[in-house]
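Okay, structure first, notes after.
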Amino acid sequence: MYHTPEDTLDKIDKEKLKQTAEIVAASTFQVVRPGPNYNQNPVEYPFENRPVD
């Protein structure tokens, strides 16, 4: 079993949670951003060569 009743908020790795939130936010923005006339550059996130903790 992966999760147990001992899983509590104090055991969350806040840095990994932050990294995950940044990836989800950048990915979501890429999917829902306005059409081709949108005058901003795409969100850049270094997916390649990213260290695996």
Can you name the nearest heavy-atom pair linking His3 to Asp7, along with the distance?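 Looking at all heavy atoms of both residues, the shortest contact is ND1-OD2, 2.9 Å.
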
Which atom pair, heavy atoms only, marks the closest approach of Lys11 to Glu6? NZ-O, 2.7 Å

Lys18: which residues meet the salt bridge (Lys or Arg N to Asp or Glu O under 4.0 Å) condition with it, sequence neighbours left out?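 Expected list: Glu22.
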
